[in-house]
Structures are given as structure tokens and as C-alpha cells.
Amino acid sequence: MKQTKQFKTESQRLLHLMTHSIYTHHEIFLRELISNASDAIDKRHFKSLTDEKVPNADYEIRLINDDKARTLTIVDTGIGLTQEELVENLGTIAKSGTKAFQESLEEKSEAELIGQFGVGFYSAFMVAEKVEVKTRSPYAETGYLWTSDGVSNYTIEDIEKETIGTEITLYIREDAEDIDFSKFLKFYEIKSLVKKYSDYIRYPIKMLETRTEDKKEIQEDVTLNQMTPIWKRSKNDVKEEELQEFYKHQFNEFEAPLKTIHTNVEGMLTYTALLFIPKKPAYNFYTESFEKGLQLYSKSVFIEDKNKSLIPDYFKFVKGLVDSADLSLNLSREMLQHDRQLKKIASHLEKKIKSELESMLADERDKYLEFYEAYKLTLKYGIYEMFGMNKDKLQDLILFETSKSESPITLKEYLDRKPESQKFIYYATGKSKQRMLNLPQMDAMKSQDIEVLLCYDDVDEFMFQAMQNYQEIPFKSIQQGDLEEVLEDKKKEVKKQEKDYKEFLKAIKNSLKDQVKDVKVSARLTESPVCIVSGEGVSLEMEKVLNQMPNGESVKAERILEVNPNHDLFKKLHETFVSDDQTIDSIASLLYYQSLVAEGIPLENPKAYTDAITTLLSK
Ligand code: ADP
């Protein structure tokens, strides 16, 4: 029975894009189809080990070109497709992240789309006016023929097909004005495309070569690909371009990787790992839907797509694969019995990644900065999580801009240049550099020439809390607690001022009630009249972050208003108070709101602030 079905809407859009493609690299269709064939053979091979329904076979991919009929056929001995799978996989975009794809359709260029999403099977319609898929799955009673011209419909009908696997026949388009489609029917062109894109495919890609010798036509069956997986070839042998091509295709990436790590380990544990750090985080990298993991192979045979245990969360940006002969394939895919080996490999890889990042940081700073910009949050969360358990592994990989340095520095660099007598690592938190540099609390640090780390990310302060210290030097916020140690020589003056202004300070505190815990003379201010600081524990920045969390409890930092009696504004307000104590509410509000504004804390009642200014200015 022949059924006609409609492509899903998003598929139709992609197909339209394919059939009207102005993309210059039509040739990638072959790579896509060969890769699908190879995946299907992987699946069959793997299944055959555990499921007696699935027989073994000679695994190969065969390309058949027919110049006269203008067809190119790709035959594989893979797992084939059932009817449901045909509908499910060829009728819709099977790619993970269909939604992301749809969104990208709107905003991305064709080249970006094709590169990023790898378009897969549908790329056949870039070169073919009609595609036929004959397939037989070991799980189906019969074979099926799927046919489409890539417009809106496809048909499926039962056919007889003995052998398990798939044959995809492309009816190659007539040459267009500027595109030579006929070349995809020529042996040499096909051979060179296989070399270019699919050389590493682990199954033989075979084709008949027809030559004329002594006026006689002879045909010879040749294998087009080298077959050794790229990671099994000696490092010196593999060209950077080949690695990049492999990476893009294997991991659906558009751009070359930022860093490639190719490592071969022999001994108690034998494995090869080929790891990549993508230039940019995946579109869903910072969401729950992102899945970390490395591909796992045993003796070059594919086992698992995303093995999570091979990579820790804080390096989850690493893509790649591990191939180990120590993992035997014959038992369950769950591979519980391999836990120990996997753990060991994981621990090696972690060290390797860390040391590669450290050398990048040491020798290729600019590249490291690019890496760091993309993934710093992952590293920082890595330190913060598990109560700082992984601090030692990660703390030398994080960087900070500082009050003295444009380009970010490491904690070690900070310690190396701080004076011996400085007992803390000082930091400020805020949304922008300018804001932090202008914090009233920065005055004292500037005057004492102390370098301050500038922290933009919400996680920073939580991370410091988890770390507690770096090389035994504790972290300290300049916006929190007192800074006694910095301000030793000011103590006397502060004590005296506290006495002198006792009444005034008390009146301010009474007027502000519970909004602040205390009103104090500041030792840290020189140029600003007021600032707000928090007590020990929750800081003002943490208060903001915690209160943004969904279902978070409402948290309040302890607020302490610090005033600067040496400032003209303070002196003026004091005089005003002395001559008329009815003004105290306006004075207190003015000082308090001013301190909040300087800190970037939104005012709950901005009108009270402007009223206070108005009242005092009209005096
Ligand atoms: P992708 O391969 O990236 O998932 P494709 O559009 O290329 O996307 O293929 C969609 C799905 O169709 C595949 O995931 C696979 O399940 C199935 N498929 C494609 N080609 C074959 C084939 N030669 N043999 C078996 N299944 C196939």
C-alpha cells in the first residue's frame, strides 16, 4: 500500500532552503549521507552484540554511479529503518533542538545554518530532484520505499528487500547555469569528495572504478577511504585541517575549535582521547537542556554518544571522544562493569585538560582570554559548588580585572605583586567597572595604593565564600565590615569624630529606624560624603542575587551607613541640623539614599529622596 504524507512544517522550510540553495558547498550532501550510513552501521554492529534478532554482516558503504540514469546511490549494511522510523526521522527534522533550529531559521544565514545544524539527510535535495530510500530494518517484517521530490509530500510503500540496510538513490539534477551537478556522477569527483570529507569513516566506502586499458573497459572495486579513525593516526600525520573538518562534522560545529587536545596513553590503562574546546558555548550551554559528555569508543567501535562520567561539570564545555581497548564491548551498554576504568580515564583527562588550560594561560594569554570569556562562569561555579571542594583544581584558572589593571590577572599574580604587609585579597562587586571604581569605598583603597579585584559576576562573591582564602590569604570585600587593618592610622580621628557628632549620628539612626543597623563615622571615605556597607555574612551584592532566585527566601544584608565628617556636605547638613532639628528626617533620607545610589541599589521610594533634596535645598 502506498501512503502519501506531508512533511512537518519546519521540515518543509528546511527543504525549501535546500532545493533553492545558493549555498556553494553542495558537495557536503555526500559527507552527510555517508556519515548517516556509518552511524547506521555502528548501530547495527552494536545491536548485533546484544540482540540476536540483529545479524552481523559485512559492514560497508557502497557508492554506485550511473551516468545515463543520472543517479548516485549510497548503499549501506546498517540498521535500516522501520516504517515508524522513516516517518519519524525523514519526515521531521530529527536534529536535537528543533526549536533552536526554527529560531535560527529566522535570523541566521544559509551558510551558518547548514554549517551549524549539519542539515543531514535533507542536504540530498541540494543536488537531487528526487530521492528514493529503500530500507529494511531487522525489526520490520518487510522493506519500505520512501520517495520524495523534497517539496511538501513524501510517499511510503512496502517493497521486498532481503538485506538489512539502506539504499539511498539520488536523481541528480540537470546542470544549472552556474552549477555543475553532473560532476556528482563522476568517479574521480566522488573519490576526491570522500577523501576530503569522509576519509576517517571506519567502514570501507567502496566504488567500482571503470577504466579503459588497451581499448578494453575494465572495472575494479576500490576502497576510497583510508578508514583509520583520525584519532588513531599518528599525531604528526594528521593535518590541522583534517582535525577541524572532523570536529565540525562529528560535533555539529560551525567554527574551528579554539583548542584541540589529542592524547595517547599507554600502560596500565590504554586509551586515545581527542578533545576539543569549542570557540563559543553551544546555544543552550548555560541552560538545563545542555548535556555534557564525550563519545565513547572501544577499539574504534562506537559505544555511546555522551558519556557523562568522563568529564566533570566544570569542564563540561569540552567535546570529543575517548577510544579505549580496555573496555570490552560484549556486555551491556550501561557498562557498569567499566566504571573503574572510566573513572581512571576521567581522572587522567581532567588533569590533562587542566594542564592544557594552564599552559594556554601561561603561553597564549590572548587565546586564554577568549576561552575564559566564553566559559568563566562554568569554572567559577565549579569552585563554588560542593562547598569549594574543587577549589584547588580550578583556582589558578580564574582571572579578574582589577582597580589597577586593564587586562585580567590571576590570583597568583595578585599575590605576587601585593606588599608583604597586606593581609587580605580585596575585592569589590558591582555591575560595571566604572561603578566599582567610583564606589565611595574605593577612596581608601586608592589612597593606600591597594589593588582591588573587580567582580562583575553574580557568582563571584559566593565563590569567594566557598574558597575562603587563596594560598591562605583570605578574601575581603571593600563594601563589607570594617577595614580596620587598612585604616589603622585613622582610628584616633574617627573616635574623636564619633564623640563630636554623637547626637547627630544618633538622630540620623533614629530617623532611619530599621533601614540601617548602625550609623558610623567612616574611616574609609575621603572624597565621598557617605557610603553603605554591609555587616559580616550576607553582602549587599549577595542580597541582590539571592532575592532574584526563583522561590528564594527574601534575604537582607545588614546595612551600615558610614558618613564622612570631613566632607563639606556633611558639615553643612550638621549645621542645618543644629539650627533646626526638624530637618533631621530629610537629612537622614538624603544621606541614606545617596549611599544607595552610589552602590547601585534601586531606591524603593525615589520620591522620598527627591523630597529630601527639595526640602533641604529650599532652606
Ligand atoms: P542526523 O543524522 O543528524 O540525526 P539526519 O537528517 O541526517 O539527521 O538523519 C535523520 C535520522 O534518520 C538519523 O538520525 C537516523 O536515525 C535516520 N537515518 C538517516 N540515514 C540513515 C541510514 N542510512 N540508515 C538508517 N537510518 C538512517
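In each ligand, atom 1 is the first atom listed, and ligand 1 is the first ligand listed.
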Would you please indicate yes or no on a ring centroid separation below 6.0 angstrom for [Y] and [X]?
X	Y	result
Phe317	Phe371	yes
Trp231	Tyr271	no
His26	Phe181	yes

Would you mind running through ligand 1 and noting each atom that sits below 4.0 Å from a heavy atom of Ala40?
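Numbered from 1, ligand 1 contributes 22 (C), 24 (N), 25 (C).
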
Side chain, backbone, both or neither: [X] near ligand 1, heavy atoms under 4.0 Å:
X	answer
Thr166	side chain
Thr135	neither
Leu81	side chain

May I ask you to check if ligand 1 and [X] share an N or O to N or O distance below 3.5 Å?
X	result
Phe121	yes
Asp76	yes
Asn89	yes

Between Phe246 and Phe276, what is the ring plane arrangement, given parallel below 30°, perpendicular above 60°, and tilted in between?
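If you compare the ring of Phe246 with that of Phe276, the planes turn out tilted.
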
Would you please classify the geometry between the Tyr247 ring and the Phe251 ring as parallel, tilted or perpendicular, with 30° and 60° separating the classes?
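Judged by the thresholds at 30° and 60°, the geometry between Phe251 and Tyr247 is tilted.
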
Please determine whether any non-hydrogen atom of Lys43 lies less than 4.0 Å from an atom of ligand 1.
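Lys43: in contact with ligand 1 (<4.0 Å).
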
Looking at Lys191 and Glu189, does any basic side-chain N land under 4.0 Å from a carboxylate oxygen?
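Judged by the 4.0 Å cut-off on N to carboxylate O distance, Lys191 and Glu189 do not form a salt bridge.
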
